*Asks:* 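Structure in C-alpha coordinates, see below.
Note that the structure is a prediction, hence the values are computed from the model and not measured. Within every chain, numbering begins at 1; the chains are lettered A, B, ... in the order of the sequence lines, protein sequences first and strands thereafter.
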Number of protein chains: 2
Amino acid sequence: MSISESENATASTQAFEALKKDLIRGRFAAGEKLAISTLKTHYQVGLSPLREALNRLAAYGLLEQLNQRGFRVPEIHLEELDDIANLRSKLECMALTQAFQKGDAEWESLLLAAHHRLKRADEQPQQVEEWEFAHLRFHRALLAPCGSTWLLRFVEQLHDQFDRYRRLAPPNPEVRQVLNVQHGELMELALSRDIAAGRSLLDDHIRLSHDVAKKCCQPNT
Amino acid sequence: MSISESENATASTQAFEALKKDLIRGRFAAGEKLAISTLKTHYQVGLSPLREALNRLAAYGLLEQLNQRGFRVPEIHLEELDDIANLRSKLECMALTQAFQKGDAEWESLLLAAHHRLKRADEQPQQVEEWEFAHLRFHRALLAPCGSTWLLRFVEQLHDQFDRYRRLAPPNPEVRQVLNVQHGELMELALSRDIAAGRSLLDDHIRLSHDVAKKCCQPNT
DNA sequence: ATAGTGATAAAAATCGTTTTTTAATATTAA
DNA sequence: TTAATATTAAAAAACGATTTTTATCACTAT
(Lines give C-alpha, C1' and ligand atoms only; values in the text may rest on other atoms or scores of the structure.)
Protein backbone atom coordinates (compact mmCIF):
# COMPACT_ATOMS: atom_id res chain seq x y z
CA MET A 1 0.00 0.00 0.00
CA SER A 2 2.58 2.53 1.08
CA ILE A 3 3.55 4.73 -1.82
CA SER A 4 6.70 5.92 -0.13
CA GLU A 5 9.85 3.89 -0.28
CA SER A 6 10.31 5.21 3.27
CA GLU A 7 12.60 7.87 1.85
CA ASN A 8 11.21 10.75 -0.22
CA ALA A 9 7.75 10.75 1.33
CA THR A 10 5.79 13.95 0.94
CA ALA A 11 4.05 15.60 3.87
CA SER A 12 0.76 14.28 2.42
CA THR A 13 2.02 10.73 2.44
CA GLN A 14 3.46 10.97 5.93
CA ALA A 15 0.23 12.41 7.25
CA PHE A 16 -1.72 9.70 5.41
CA GLU A 17 0.31 6.91 6.95
CA ALA A 18 0.32 8.35 10.45
CA LEU A 19 -3.42 8.95 10.35
CA LYS A 20 -4.11 5.53 8.88
CA LYS A 21 -2.18 3.88 11.67
CA ASP A 22 -4.00 5.89 14.31
CA LEU A 23 -7.40 5.19 12.79
CA ILE A 24 -6.78 1.43 12.78
CA ARG A 25 -5.23 1.54 16.23
CA GLY A 26 -8.34 3.24 17.53
CA ARG A 27 -6.85 6.53 18.63
CA PHE A 28 -10.05 8.28 17.57
CA ALA A 29 -13.52 7.46 18.81
CA ALA A 30 -15.93 5.85 16.37
CA GLY A 31 -18.27 8.48 14.96
CA GLU A 32 -15.96 11.28 16.04
CA LYS A 33 -15.79 14.37 13.90
CA LEU A 34 -12.22 15.27 13.08
CA ALA A 35 -11.19 18.82 13.91
CA ILE A 36 -8.80 19.69 11.12
CA SER A 37 -7.01 22.47 13.02
CA THR A 38 -6.31 20.05 15.88
CA LEU A 39 -4.95 17.43 13.51
CA LYS A 40 -2.79 20.09 11.95
CA THR A 41 -0.95 20.82 15.15
CA HIS A 42 -0.93 17.19 16.25
CA TYR A 43 0.63 15.80 13.09
CA GLN A 44 2.70 18.89 12.42
CA VAL A 45 1.63 19.34 8.81
CA GLY A 46 0.12 22.17 6.84
CA LEU A 47 -3.48 22.34 5.78
CA SER A 48 -3.02 21.27 2.17
CA PRO A 49 -1.12 18.02 2.76
CA LEU A 50 -3.41 17.20 5.65
CA ARG A 51 -6.52 17.62 3.54
CA GLU A 52 -4.97 15.49 0.81
CA ALA A 53 -4.30 12.75 3.33
CA LEU A 54 -7.89 12.92 4.60
CA ASN A 55 -9.20 12.69 1.05
CA ARG A 56 -7.14 9.57 0.43
CA LEU A 57 -8.33 7.96 3.65
CA ALA A 58 -11.95 8.67 2.78
CA ALA A 59 -11.50 7.09 -0.65
CA TYR A 60 -9.89 4.11 1.07
CA GLY A 61 -12.80 3.74 3.46
CA LEU A 62 -11.18 4.61 6.76
CA LEU A 63 -12.97 7.95 6.94
CA GLU A 64 -16.30 9.35 5.91
CA GLN A 65 -16.36 12.55 3.95
CA LEU A 66 -19.34 14.86 4.17
CA ASN A 67 -19.43 17.68 1.69
CA GLN A 68 -19.05 21.06 3.36
CA ARG A 69 -18.87 19.51 6.82
CA GLY A 70 -15.58 17.76 6.96
CA PHE A 71 -14.51 14.27 7.91
CA ARG A 72 -15.66 11.83 10.54
CA VAL A 73 -14.51 8.46 11.81
CA PRO A 74 -16.96 5.75 10.67
CA GLU A 75 -19.28 4.30 13.26
CA ILE A 76 -18.85 0.76 14.53
CA HIS A 77 -21.59 -1.67 13.54
CA LEU A 78 -21.79 -5.34 14.36
CA GLU A 79 -23.34 -6.00 10.96
CA GLU A 80 -20.44 -4.31 9.24
CA LEU A 81 -17.92 -6.38 11.18
CA ASP A 82 -19.75 -9.50 10.06
CA ASP A 83 -19.72 -8.29 6.47
CA ILE A 84 -16.01 -7.51 6.59
CA ALA A 85 -15.11 -10.79 8.24
CA ASN A 86 -17.22 -12.92 5.90
CA LEU A 87 -15.93 -11.28 2.77
CA ARG A 88 -12.38 -11.36 4.10
CA SER A 89 -12.68 -15.10 4.59
CA LYS A 90 -13.93 -15.65 1.08
CA LEU A 91 -11.35 -13.45 -0.60
CA GLU A 92 -8.42 -14.71 1.45
CA CYS A 93 -9.35 -18.33 0.84
CA MET A 94 -9.53 -17.54 -2.85
CA ALA A 95 -6.09 -15.96 -2.69
CA LEU A 96 -4.69 -18.80 -0.62
CA THR A 97 -5.75 -21.36 -3.19
CA GLN A 98 -3.99 -19.51 -5.96
CA ALA A 99 -0.96 -18.76 -3.81
CA PHE A 100 -0.51 -22.42 -2.91
CA GLN A 101 -0.69 -23.27 -6.61
CA LYS A 102 1.68 -20.61 -7.84
CA GLY A 103 4.09 -20.13 -4.94
CA ASP A 104 7.71 -21.13 -5.59
CA ALA A 105 10.77 -21.81 -3.45
CA GLU A 106 11.50 -18.13 -3.08
CA TRP A 107 8.03 -17.67 -1.63
CA GLU A 108 8.61 -20.45 0.86
CA SER A 109 11.74 -18.73 2.13
CA LEU A 110 10.03 -15.38 2.48
CA LEU A 111 7.12 -16.97 4.30
CA LEU A 112 9.48 -18.77 6.65
CA ALA A 113 11.26 -15.50 7.34
CA ALA A 114 8.01 -13.62 7.93
CA HIS A 115 6.85 -16.28 10.32
CA HIS A 116 10.11 -16.15 12.22
CA ARG A 117 9.86 -12.39 12.58
CA LEU A 118 6.31 -12.75 13.83
CA LYS A 119 7.38 -15.25 16.50
CA ARG A 120 10.17 -12.92 17.59
CA ALA A 121 7.81 -9.99 17.80
CA ASP A 122 5.53 -12.13 19.90
CA GLU A 123 8.22 -12.39 22.56
CA GLN A 124 8.04 -8.62 23.11
CA PRO A 125 4.43 -8.23 24.19
CA GLN A 126 4.90 -4.58 25.16
CA GLN A 127 5.78 -3.57 21.59
CA VAL A 128 2.31 -3.81 20.16
CA GLU A 129 2.89 -1.95 16.91
CA GLU A 130 5.86 -4.11 16.02
CA TRP A 131 3.78 -7.26 16.43
CA GLU A 132 0.93 -5.77 14.45
CA PHE A 133 3.28 -4.96 11.60
CA ALA A 134 4.91 -8.40 11.65
CA HIS A 135 1.45 -9.96 11.71
CA LEU A 136 0.29 -7.97 8.71
CA ARG A 137 3.47 -8.90 6.86
CA PHE A 138 3.01 -12.59 7.58
CA HIS A 139 -0.50 -12.59 6.17
CA ARG A 140 0.70 -10.61 3.18
CA ALA A 141 3.54 -13.06 2.58
CA LEU A 142 1.17 -16.02 2.78
CA LEU A 143 -1.01 -14.75 -0.08
CA ALA A 144 1.54 -12.73 -2.04
CA PRO A 145 2.06 -15.11 -4.99
CA CYS A 146 -1.65 -15.53 -5.72
CA GLY A 147 -1.19 -13.73 -9.02
CA SER A 148 -3.98 -11.19 -8.68
CA THR A 149 -3.00 -7.62 -7.89
CA TRP A 150 -6.60 -6.59 -7.40
CA LEU A 151 -7.44 -9.45 -5.10
CA LEU A 152 -4.44 -8.57 -2.94
CA ARG A 153 -5.51 -4.97 -2.89
CA PHE A 154 -9.00 -5.80 -1.64
CA VAL A 155 -7.65 -8.30 0.87
CA GLU A 156 -5.36 -5.64 2.30
CA GLN A 157 -8.19 -3.14 2.50
CA LEU A 158 -10.44 -5.61 4.30
CA HIS A 159 -7.60 -6.55 6.63
CA ASP A 160 -7.23 -2.89 7.63
CA GLN A 161 -10.97 -2.58 8.17
CA PHE A 162 -11.04 -5.77 10.17
CA ASP A 163 -8.15 -4.65 12.34
CA ARG A 164 -9.96 -1.49 13.30
CA TYR A 165 -12.65 -3.66 14.85
CA ARG A 166 -10.31 -6.30 16.24
CA ARG A 167 -8.19 -3.74 18.03
CA LEU A 168 -11.15 -2.43 19.97
CA ALA A 169 -11.07 -5.66 21.94
CA PRO A 170 -8.66 -5.86 24.90
CA PRO A 171 -5.60 -8.12 24.46
CA ASN A 172 -6.36 -11.75 25.23
CA PRO A 173 -3.27 -13.93 25.82
CA GLU A 174 -5.11 -17.25 25.49
CA VAL A 175 -6.60 -16.35 22.13
CA ARG A 176 -3.31 -14.86 20.99
CA GLN A 177 -1.67 -18.15 21.83
CA VAL A 178 -4.09 -20.08 19.62
CA LEU A 179 -3.71 -17.61 16.78
CA ASN A 180 0.05 -17.95 16.94
CA VAL A 181 -0.14 -21.71 16.70
CA GLN A 182 -2.36 -21.28 13.66
CA HIS A 183 0.22 -19.05 12.01
CA GLY A 184 2.77 -21.83 12.32
CA GLU A 185 0.31 -24.37 10.96
CA LEU A 186 -0.61 -22.11 8.04
CA MET A 187 3.06 -21.91 7.16
CA GLU A 188 3.42 -25.69 7.30
CA LEU A 189 0.36 -26.19 5.11
CA ALA A 190 1.77 -23.68 2.65
CA LEU A 191 4.99 -25.66 2.42
CA SER A 192 3.06 -28.87 1.82
CA ARG A 193 0.64 -27.10 -0.56
CA ASP A 194 -2.36 -28.54 1.23
CA ILE A 195 -5.04 -26.26 -0.19
CA ALA A 196 -8.08 -27.81 1.47
CA ALA A 197 -6.54 -27.81 4.94
CA GLY A 198 -5.10 -24.34 4.37
CA ARG A 199 -8.45 -22.87 3.43
CA SER A 200 -10.15 -24.49 6.35
CA LEU A 201 -7.53 -23.27 8.81
CA LEU A 202 -7.47 -19.75 7.43
CA ASP A 203 -11.23 -19.68 7.76
CA ASP A 204 -11.00 -20.80 11.40
CA HIS A 205 -8.26 -18.25 11.99
CA ILE A 206 -10.39 -15.37 10.77
CA ARG A 207 -13.48 -16.66 12.54
CA LEU A 208 -11.65 -16.80 15.86
CA SER A 209 -10.55 -13.17 15.59
CA HIS A 210 -14.02 -12.30 14.41
CA ASP A 211 -15.62 -13.87 17.48
CA VAL A 212 -13.31 -11.97 19.79
CA ALA A 213 -13.92 -8.68 18.00
CA LYS A 214 -17.68 -9.22 18.11
CA LYS A 215 -17.79 -8.89 21.89
CA CYS A 216 -16.57 -5.30 21.76
CA CYS A 217 -19.00 -4.30 19.11
CA GLN A 218 -22.30 -4.28 20.97
CA PRO A 219 -22.42 -0.78 22.56
CA ASN A 220 -22.81 1.41 19.50
CA THR A 221 -24.73 -0.81 17.15
CA MET B 1 -20.01 6.04 -5.00
CA SER B 2 -20.93 9.67 -5.50
CA ILE B 3 -20.73 11.56 -2.22
CA SER B 4 -22.75 14.44 -3.54
CA GLU B 5 -26.51 14.35 -3.55
CA SER B 6 -26.02 16.23 -6.82
CA GLU B 7 -26.67 19.46 -4.94
CA ASN B 8 -24.12 20.83 -2.47
CA ALA B 9 -21.10 19.30 -4.15
CA THR B 10 -17.77 20.91 -3.38
CA ALA B 11 -15.31 21.87 -6.08
CA SER B 12 -13.23 18.85 -5.04
CA THR B 13 -16.15 16.50 -5.55
CA GLN B 14 -17.11 18.01 -8.88
CA ALA B 15 -13.54 17.76 -10.11
CA PHE B 16 -13.35 14.19 -8.83
CA GLU B 17 -16.45 13.13 -10.68
CA ALA B 18 -15.58 14.90 -13.90
CA LEU B 19 -12.07 13.46 -13.88
CA LYS B 20 -13.30 10.00 -13.02
CA LYS B 21 -15.69 10.04 -15.94
CA ASP B 22 -12.98 11.22 -18.31
CA LEU B 23 -10.49 8.64 -17.08
CA ILE B 24 -12.94 5.80 -17.64
CA ARG B 25 -14.07 7.24 -20.93
CA GLY B 26 -10.46 7.28 -22.10
CA ARG B 27 -10.01 10.99 -22.60
CA PHE B 28 -6.42 10.66 -21.42
CA ALA B 29 -3.81 8.39 -22.92
CA ALA B 30 -2.68 5.41 -20.89
CA GLY B 31 0.62 6.21 -19.19
CA GLU B 32 0.14 9.92 -19.70
CA LYS B 33 1.49 12.27 -17.09
CA LEU B 34 -1.16 14.71 -15.97
CA ALA B 35 -0.17 18.37 -16.18
CA ILE B 36 -1.89 19.88 -13.20
CA SER B 37 -1.92 23.42 -14.55
CA THR B 38 -3.64 22.20 -17.71
CA LEU B 39 -6.27 20.32 -15.73
CA LYS B 40 -6.81 23.42 -13.65
CA THR B 41 -7.87 25.48 -16.63
CA HIS B 42 -9.72 22.61 -18.28
CA TYR B 43 -11.90 21.74 -15.30
CA GLN B 44 -12.11 25.31 -14.05
CA VAL B 45 -11.11 24.57 -10.47
CA GLY B 46 -8.43 25.85 -8.17
CA LEU B 47 -5.29 23.99 -7.29
CA SER B 48 -6.37 22.72 -3.87
CA PRO B 49 -9.67 21.09 -4.84
CA LEU B 50 -8.01 19.67 -7.95
CA ARG B 51 -5.22 18.08 -5.93
CA GLU B 52 -7.76 16.66 -3.51
CA ALA B 53 -9.65 15.10 -6.40
CA LEU B 54 -6.44 13.60 -7.79
CA ASN B 55 -5.59 12.15 -4.39
CA ARG B 56 -9.00 10.50 -4.18
CA LEU B 57 -8.66 9.05 -7.67
CA ALA B 58 -5.24 7.64 -6.86
CA ALA B 59 -6.59 5.99 -3.71
CA TYR B 60 -9.42 4.57 -5.83
CA GLY B 61 -7.02 3.14 -8.37
CA LEU B 62 -7.81 5.26 -11.41
CA LEU B 63 -4.54 7.18 -11.14
CA GLU B 64 -1.01 6.47 -10.04
CA GLN B 65 0.57 8.84 -7.59
CA LEU B 66 4.33 9.28 -7.57
CA ASN B 67 5.74 11.19 -4.67
CA GLN B 68 7.22 14.51 -5.77
CA ARG B 69 6.43 13.84 -9.41
CA GLY B 70 2.74 14.09 -9.67
CA PHE B 71 0.06 11.88 -11.13
CA ARG B 72 -0.11 9.64 -14.17
CA VAL B 73 -2.75 7.61 -15.92
CA PRO B 74 -2.09 3.88 -15.33
CA GLU B 75 -0.72 1.88 -18.22
CA ILE B 76 -2.85 -0.67 -20.04
CA HIS B 77 -1.77 -4.29 -19.57
CA LEU B 78 -3.44 -7.36 -20.97
CA GLU B 79 -2.60 -9.25 -17.79
CA GLU B 80 -4.32 -6.62 -15.69
CA LEU B 81 -7.44 -6.76 -17.84
CA ASP B 82 -7.51 -10.52 -17.33
CA ASP B 83 -7.07 -10.04 -13.60
CA ILE B 84 -9.85 -7.47 -13.41
CA ALA B 85 -12.25 -9.52 -15.53
CA ASN B 86 -11.62 -12.78 -13.66
CA LEU B 87 -12.03 -11.22 -10.25
CA ARG B 88 -15.05 -9.27 -11.41
CA SER B 89 -16.69 -12.52 -12.53
CA LYS B 90 -16.06 -14.17 -9.20
CA LEU B 91 -17.23 -11.25 -7.07
CA GLU B 92 -20.29 -10.50 -9.18
CA CYS B 93 -21.37 -14.14 -9.20
CA MET B 94 -20.98 -14.14 -5.44
CA ALA B 95 -23.11 -11.02 -5.18
CA LEU B 96 -25.68 -12.39 -7.62
CA THR B 97 -26.18 -15.50 -5.54
CA GLN B 98 -26.87 -13.48 -2.43
CA ALA B 99 -29.00 -10.95 -4.28
CA PHE B 100 -31.20 -13.68 -5.78
CA GLN B 101 -31.66 -15.07 -2.26
CA LYS B 102 -32.39 -11.80 -0.53
CA GLY B 103 -34.08 -9.70 -3.20
CA ASP B 104 -37.72 -8.81 -2.55
CA ALA B 105 -40.60 -7.49 -4.65
CA GLU B 106 -39.33 -3.93 -4.38
CA TRP B 107 -36.03 -5.10 -5.88
CA GLU B 108 -37.85 -6.76 -8.76
CA SER B 109 -39.61 -3.50 -9.59
CA LEU B 110 -36.41 -1.49 -9.48
CA LEU B 111 -34.64 -4.03 -11.66
CA LEU B 112 -37.48 -3.98 -14.15
CA ALA B 113 -37.31 -0.19 -14.25
CA ALA B 114 -33.54 -0.16 -14.67
CA HIS B 115 -33.80 -2.62 -17.53
CA HIS B 116 -36.45 -0.55 -19.21
CA ARG B 117 -34.29 2.57 -18.96
CA LEU B 118 -31.37 0.64 -20.43
CA LYS B 119 -33.45 -0.50 -23.39
CA ARG B 120 -34.62 3.07 -23.97
CA ALA B 121 -31.07 4.36 -23.82
CA ASP B 122 -30.11 1.73 -26.33
CA GLU B 123 -32.44 3.33 -28.88
CA GLN B 124 -30.32 6.50 -28.84
CA PRO B 125 -26.97 5.15 -30.00
CA GLN B 126 -25.49 8.63 -30.33
CA GLN B 127 -25.87 9.37 -26.61
CA VAL B 128 -23.06 7.16 -25.40
CA GLU B 129 -22.77 8.51 -21.86
CA GLU B 130 -26.47 8.07 -21.22
CA TRP B 131 -26.28 4.43 -22.22
CA GLU B 132 -23.16 3.88 -20.13
CA PHE B 133 -24.90 5.31 -17.09
CA ALA B 134 -28.04 3.26 -17.63
CA HIS B 135 -25.87 0.18 -18.11
CA LEU B 136 -24.00 0.78 -14.86
CA ARG B 137 -27.28 1.34 -13.06
CA PHE B 138 -28.75 -1.90 -14.39
CA HIS B 139 -25.80 -3.93 -13.14
CA ARG B 140 -25.96 -2.12 -9.81
CA ALA B 141 -29.67 -2.82 -9.49
CA LEU B 142 -29.12 -6.50 -10.26
CA LEU B 143 -26.74 -7.01 -7.35
CA ALA B 144 -27.97 -4.31 -4.97
CA PRO B 145 -29.78 -6.52 -2.43
CA CYS B 146 -26.83 -8.89 -1.92
CA GLY B 147 -26.47 -7.66 1.63
CA SER B 148 -22.75 -6.89 1.58
CA THR B 149 -21.72 -3.25 1.42
CA TRP B 150 -18.09 -4.12 0.94
CA LEU B 151 -18.73 -6.60 -1.82
CA LEU B 152 -20.77 -3.98 -3.69
CA ARG B 153 -17.99 -1.47 -3.19
CA PHE B 154 -15.38 -3.77 -4.71
CA VAL B 155 -17.70 -4.79 -7.54
CA GLU B 156 -18.24 -1.16 -8.41
CA GLN B 157 -14.52 -0.45 -8.33
CA LEU B 158 -13.78 -3.39 -10.61
CA HIS B 159 -16.57 -2.37 -12.92
CA ASP B 160 -14.99 1.07 -13.30
CA GLN B 161 -11.59 -0.49 -13.95
CA PHE B 162 -13.08 -2.90 -16.44
CA ASP B 163 -14.90 -0.13 -18.27
CA ARG B 164 -11.67 1.78 -18.77
CA TYR B 165 -10.41 -1.19 -20.78
CA ARG B 166 -13.70 -2.00 -22.46
CA ARG B 167 -14.13 1.53 -23.74
CA LEU B 168 -10.83 1.44 -25.57
CA ALA B 169 -12.47 -0.93 -28.04
CA PRO B 170 -14.50 0.58 -30.89
CA PRO B 171 -18.29 0.16 -30.66
CA ASN B 172 -19.46 -3.16 -32.04
CA PRO B 173 -23.20 -3.31 -32.85
CA GLU B 174 -23.33 -7.11 -33.14
CA VAL B 175 -21.75 -7.65 -29.74
CA ARG B 176 -23.86 -4.92 -28.24
CA GLN B 177 -26.92 -6.72 -29.53
CA VAL B 178 -25.91 -9.94 -27.77
CA LEU B 179 -25.11 -8.11 -24.56
CA ASN B 180 -28.50 -6.45 -24.61
CA VAL B 181 -30.27 -9.76 -24.98
CA GLN B 182 -28.29 -11.03 -22.01
CA HIS B 183 -29.44 -8.07 -19.91
CA GLY B 184 -33.04 -9.08 -20.54
CA GLU B 185 -32.27 -12.70 -19.72
CA LEU B 186 -30.47 -11.71 -16.54
CA MET B 187 -33.55 -9.82 -15.47
CA GLU B 188 -35.78 -12.79 -16.19
CA LEU B 189 -33.52 -15.14 -14.24
CA ALA B 190 -33.55 -12.68 -11.35
CA LEU B 191 -37.34 -12.75 -11.29
CA SER B 192 -37.36 -16.53 -11.30
CA ARG B 193 -34.49 -16.66 -8.78
CA ASP B 194 -32.56 -19.13 -10.90
CA ILE B 195 -29.15 -18.79 -9.26
CA ALA B 196 -27.26 -21.39 -11.27
CA ALA B 197 -28.44 -20.05 -14.62
CA GLY B 198 -27.94 -16.48 -13.45
CA ARG B 199 -24.33 -17.09 -12.43
CA SER B 200 -23.58 -18.87 -15.64
CA LEU B 201 -25.09 -16.11 -17.76
CA LEU B 202 -23.40 -13.32 -15.82
CA ASP B 203 -20.12 -15.13 -16.30
CA ASP B 204 -20.73 -15.37 -20.06
CA HIS B 205 -21.76 -11.73 -20.11
CA ILE B 206 -18.51 -10.58 -18.55
CA ARG B 207 -16.43 -12.96 -20.63
CA LEU B 208 -17.92 -11.60 -23.84
CA SER B 209 -17.03 -8.03 -22.96
CA HIS B 210 -13.67 -9.25 -21.81
CA ASP B 211 -12.96 -10.90 -25.15
CA VAL B 212 -13.87 -7.74 -27.03
CA ALA B 213 -11.74 -5.57 -24.76
CA LYS B 214 -8.79 -7.93 -25.13
CA LYS B 215 -8.36 -7.10 -28.78
CA CYS B 216 -7.59 -3.46 -28.04
CA CYS B 217 -5.10 -4.28 -25.40
CA GLN B 218 -2.21 -5.68 -27.42
CA PRO B 219 -0.24 -2.57 -28.44
CA ASN B 220 1.12 -1.40 -25.09
CA THR B 221 1.54 -4.64 -23.21
C1' DA C 1 -43.56 28.05 25.30
C1' DT C 2 -42.36 27.42 20.60
C1' DA C 3 -41.36 28.24 15.99
C1' DG C 4 -39.15 31.21 13.07
C1' DT C 5 -35.66 34.76 11.93
C1' DG C 6 -31.29 37.15 12.08
C1' DA C 7 -26.65 37.86 13.86
C1' DT C 8 -22.45 35.82 15.29
C1' DA C 9 -18.94 32.40 15.70
C1' DA C 10 -16.70 28.43 14.04
C1' DA C 11 -15.19 25.49 10.63
C1' DA C 12 -14.58 23.91 5.89
C1' DA C 13 -13.19 24.95 1.39
C1' DT C 14 -10.69 27.55 -1.76
C1' DC C 15 -7.26 30.78 -3.55
C1' DG C 16 -2.73 32.82 -4.75
C1' DT C 17 1.96 32.73 -3.51
C1' DT C 18 6.22 30.71 -1.87
C1' DT C 19 9.19 26.94 -1.23
C1' DT C 20 11.07 22.72 -2.54
C1' DT C 21 12.05 19.14 -5.64
C1' DT C 22 12.73 17.24 -10.10
C1' DA C 23 13.81 17.47 -14.95
C1' DA C 24 16.33 19.57 -18.81
C1' DT C 25 20.15 21.87 -20.60
C1' DA C 26 24.56 23.55 -20.90
C1' DT C 27 29.28 23.30 -19.39
C1' DT C 28 33.53 21.33 -18.18
C1' DA C 29 36.92 17.62 -17.51
C1' DA C 30 38.54 13.15 -18.76
C1' DT D 1 33.08 11.87 -27.63
C1' DT D 2 31.51 10.64 -23.32
C1' DA D 3 30.62 11.15 -18.60
C1' DA D 4 30.10 13.97 -14.78
C1' DT D 5 28.77 18.29 -12.82
C1' DA D 6 26.74 22.79 -12.52
C1' DT D 7 22.97 25.82 -14.02
C1' DT D 8 18.57 26.88 -15.25
C1' DA D 9 13.70 26.00 -16.06
C1' DA D 10 9.59 23.64 -14.92
C1' DA D 11 6.57 21.43 -11.96
C1' DA D 12 4.97 19.63 -7.58
C1' DA D 13 4.14 20.44 -2.83
C1' DA D 14 3.25 23.30 1.00
C1' DC D 15 1.96 27.51 3.26
C1' DG D 16 -0.82 31.30 4.96
C1' DA D 17 -4.66 34.07 4.09
C1' DT D 18 -9.34 34.69 2.21
C1' DT D 19 -13.83 33.27 1.11
C1' DT D 20 -17.74 30.54 1.73
C1' DT D 21 -20.62 27.56 4.23
C1' DT D 22 -22.47 25.63 8.32
C1' DA D 23 -23.59 25.63 13.13
C1' DT D 24 -24.76 28.15 17.38
C1' DC D 25 -27.23 31.33 19.89
C1' DA D 26 -29.94 35.24 20.92
C1' DC D 27 -34.00 37.57 19.73
C1' DT D 28 -38.70 38.33 18.15
C1' DA D 29 -43.40 37.23 17.02
C1' DT D 30 -47.01 34.13 17.28
*Asks:* Minimum heavy-atom separation for B/Leu87 and A/Leu151, please, with both atom names.
*Replies:*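 The answer is CD2-N, 3.5 Å.
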*Asks:* Counting any heavy atom closer than 4.0 Å, what does A/Ser37 reach on the DNA or RNA strands: base, sugar-phosphate only, or nothing?
*Replies:*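 Here A/Ser37 touches no strand at all.
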*Asks:* Tell me the interatomic distance from B/Lys33, atom NZ, to C/dT21, atom P, rounded to whole angstroms.
*Replies:*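 Roughly 17 Å, once rounded to whole Å.
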*Asks:* Which part of the nucleic acid does A/Leu47 contact within heavy-atom distance under 4.0 Å: base, sugar-phosphate only, or nothing?
*Replies:*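 Base contact - A/Leu47 has a heavy atom under 4.0 Å of at least one base atom.
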*Asks:* Mind calculating the distance between CD1 (A/Ile36) and C1' (D/dT20) to the nearest angstrom?
*Replies:*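 Spelled out: CD1 on A/Ile36 to C1' on D/dT20 is 14 Å.
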*Asks:* Measure CZ/A/Arg72 against C1'/C/dA12 and give the value in whole Å, please.
*Replies:*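 Answer to the nearest Å: 14 Å.
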*Asks:* What do the steps show when you test B/Ser148 against B/Gln98 for side chain to side chain contact (heavy atoms under 4.5 Å, CB included), and what is the final call?
*Replies:* CA-CA 9 Å; B/Ser148 169; B/Gln98 298 166 218; 4.3 Å; yes
*Asks:* Between B/Leu54 and B/Gln65, is the side chain to side chain contact (heavy atoms under 4.5 Å, CB included) condition met? List the steps.
*Replies:* CA-CA 8 Å; B/Leu54 294 172; B/Gln65 185 163 25; over 6 Å; no
*Asks:* Starting from P on C/dA12, measure out to CG on A/Asn55 and report it in whole angstrom.
*Replies:*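 One finds 13 Å between P of C/dA12 and CG of A/Asn55, rounded.
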*Asks:* Over how many whole Å does the gap from B/Leu66 atom CG to D/dA13 atom C1' extend?
*Replies:*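 That distance rounds to 14 Å.
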*Asks:* Provide, to the nearest angstrom, the distance between the CZ atom belonging to B/Arg51 and the C1' atom belonging to C/dG16.
*Replies:*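 After rounding, the gap between these two atoms is 15 Å.
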*Asks:* Within the structure shown, what part of the strands sits under 4.0 Å from B/Leu54 by heavy-atom distance: base, sugar-phosphate, or nothing?
*Replies:*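 Since no nucleic acid heavy atom lies under 4.0 Å of B/Leu54, the category is nothing.
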*Asks:* Using whole Å, what does the distance between atom P of nucleotide D/dA12 and atom CZ of B/Phe71 come to?
*Replies:*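 Value for this atom pair: 9 Å.
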*Asks:* Among all residues two or more places apart in sequence or in another chain, which pass the salt bridge (Lys or Arg N to Asp or Glu O under 4.0 Å) test with B/Arg167?
*Replies:*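 Salt bridge (Lys or Arg N to Asp or Glu O under 4.0 Å) list for B/Arg167, sorted by chain: B/Glu129, B/Glu132.
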*Asks:* Write down the distance between CG (A/Leu34) and C1' (C/dA11), rounded to a whole number of angstrom.
*Replies:*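 Rounded to the whole Å, the gap is 13 Å.
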*Asks:* By nearest nucleotide on DNA chain D, pick out whichever of A/Lys40 and A/Arg69 is the more 5' one.
*Replies:*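 The residue whose closest nucleotide sits nearer the 5' end is A/Lys40.
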*Asks:* Closest nucleotide of DNA chain D for A/Gln68 versus for A/Ser48: which of these residues is on the 5' side?
*Replies:*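 Its nearest nucleotide lies further toward 5', so the answer is A/Ser48.
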*Asks:* A/Leu50 near the nucleic acid: base, sugar-phosphate alone, or nothing, with a heavy-atom cut-off under 4.0 Å?
*Replies:*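 No contact.
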